[in-house]
Amino acid sequence: MRDIVEKLYTSGDLSDEELSALITSDDSDAAELLKKYADETRRKYYGTKVFLRGLIEISSYCKNDCLYCGIRRSSSDADRYRLSREDILSCCKNGYSLGFRTFVMQGGEDPFFTDDVMVPLIAEIKKKYPDCAVTLSLGERSYESYRRMKDAGADRYLLRHEAASEELYSKLHPEHMSLSRRKECLFALRELGYQVGAGFMVGAPFQTTSHLIEDLRFLQELRPQMIGIGPFIPHHSTPFAEEKGGTLELTLRLLGILRLLFPMVLLPATTALGTIAPNGRELGLMTGCNVVMPNLSPVKVRKKYDLYDNKICTGEEAAECRGCLQRRIESAGYTVANERGDCVDNA
Ligand code: 5AD
Ligand code: FES
């Protein structure tokens, strides 16, 4: 197995068969080597820097019904909220003073946040904080909408593809959603000049190793600047309540592989990874991750942005999370970078 890791490190790619062997291997030596090469690679391009993204969860309303997600339309016990313009601007103000230079506005697909609402808001944030990047994560929208928000100053867009296999995609999503539409959105975002983030959940129900390889191949085709992956975690009020969650080991394995397939990519150590293991994010950082996304949402709404069970950081103020994360990052041997943190491939 070590030879496969060596090959991935030196050539930057593997055959499907080799990937499959590496993904499913329980060889701990190979896992250690993968971690070592992943860390070496991230250090080559990013040194010890870890970029922070201030995550503002602007709405828990969603017109979609993804089967895995706790804020899906059918979650009748979900507590819905939407932040006002003033709330969002005050999160940015707080975040700026804490050193964040990227603000991520993420939400369910909430029809309230039309282009006429988003465009002036994006413009205002960019005007107040010209040295900051604005990232959007608002799901599938029209080309025209992506264009208007880009023109207003948005820099980046996160839209996980969720599953690059048609078969798996359709098992995780309601009938009216389609993988082809999702891909269309991602290619539109790229064409419009956004720095794009795609990604998927690890250990989602029905997911096989060959589905994961399809995800990796799709990412090689899209070449996004950021790749967000985290373990699937069941939510009690979804159809997947009784399913098993993704594991720490498999998530770390895939993070290591992603770092070697995409040496310069931005790779977050996700909140979901920190949720399934107390030191999950630190282990992610030591396996190639170079981004963390602390929560900047007002504490009063945090528990309501309830994508999966037992989500961490729902009781802490932004400043507490910032301090906690800084300690965690430094304890893992890295340093917090108070900068926009663009992908070096794109800077
Ligand atoms: N477990 C883990 N991740 C989830 N997401 C949504 N629901 C869950 C869950 N139950 C992820 C999706 C989405 C991102 C915002 O959160 O991949 O794109
Ligand atoms: Fe939020 Fe530790 S990062 S409390």
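When a ligand or atom number is given, it counts from 1 through the structure's own listing order.
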(message) Taking side-chain contact (heavy atoms from CB on, under 4.5 Å) as the criterion, tell me which of Tyr305, Phe112, Phe113, Tyr81 meets it with Ile58.
(response) Phe113
(request) Begin from the C-alpha positions of Asp345 and Gln225 and carry the test side chain to side chain donor-acceptor pair (under 3.5 Å) through to its verdict. (result) CA-CA 8 Å; Asp345 204 9; Gln225 281 81 14; over 6 Å; no
(request) Please check if the distance between the ring centroids of His235 and Tyr68 is under 6.0 Å. (result) no
(request) Please determine if Arg253 and Glu249 form a salt bridge, counting it only when a charged side-chain N lies under 4.0 Å from a carboxylate O. (result) no
(message) For the backbone of Gly197 and the side chain of Arg156, can you confirm whether one donor and one acceptor N or O come within less than 3.5 Å of each other?
(response) no
Any protein N/O atoms within less than 3.5 Å of an N/O atom in ligand 1? List the atom names and distances, or say none.
unit_1, atom_1, unit_2, atom_2, d
ligand 1, 1 (N), Ile233, N, 3.0
ligand 1, 1 (N), Ile233, O, 3.3
ligand 1, 10 (N), Tyr68, O, 3.0
ligand 1, 10 (N), Ile233, O, 2.7
ligand 1, 17 (O), Arg160, NH1, 2.9
ligand 1, 17 (O), Glu162, OE1, 2.7
ligand 1, 17 (O), Glu162, OE2, 3.3
ligand 1, 18 (O), Glu162, OE2, 2.5

(message) Does the plane of the ring in Tyr37 sit parallel, tilted or perpendicular to the ring in Tyr9? Use 30° and 60° as the thresholds.
(response) parallel
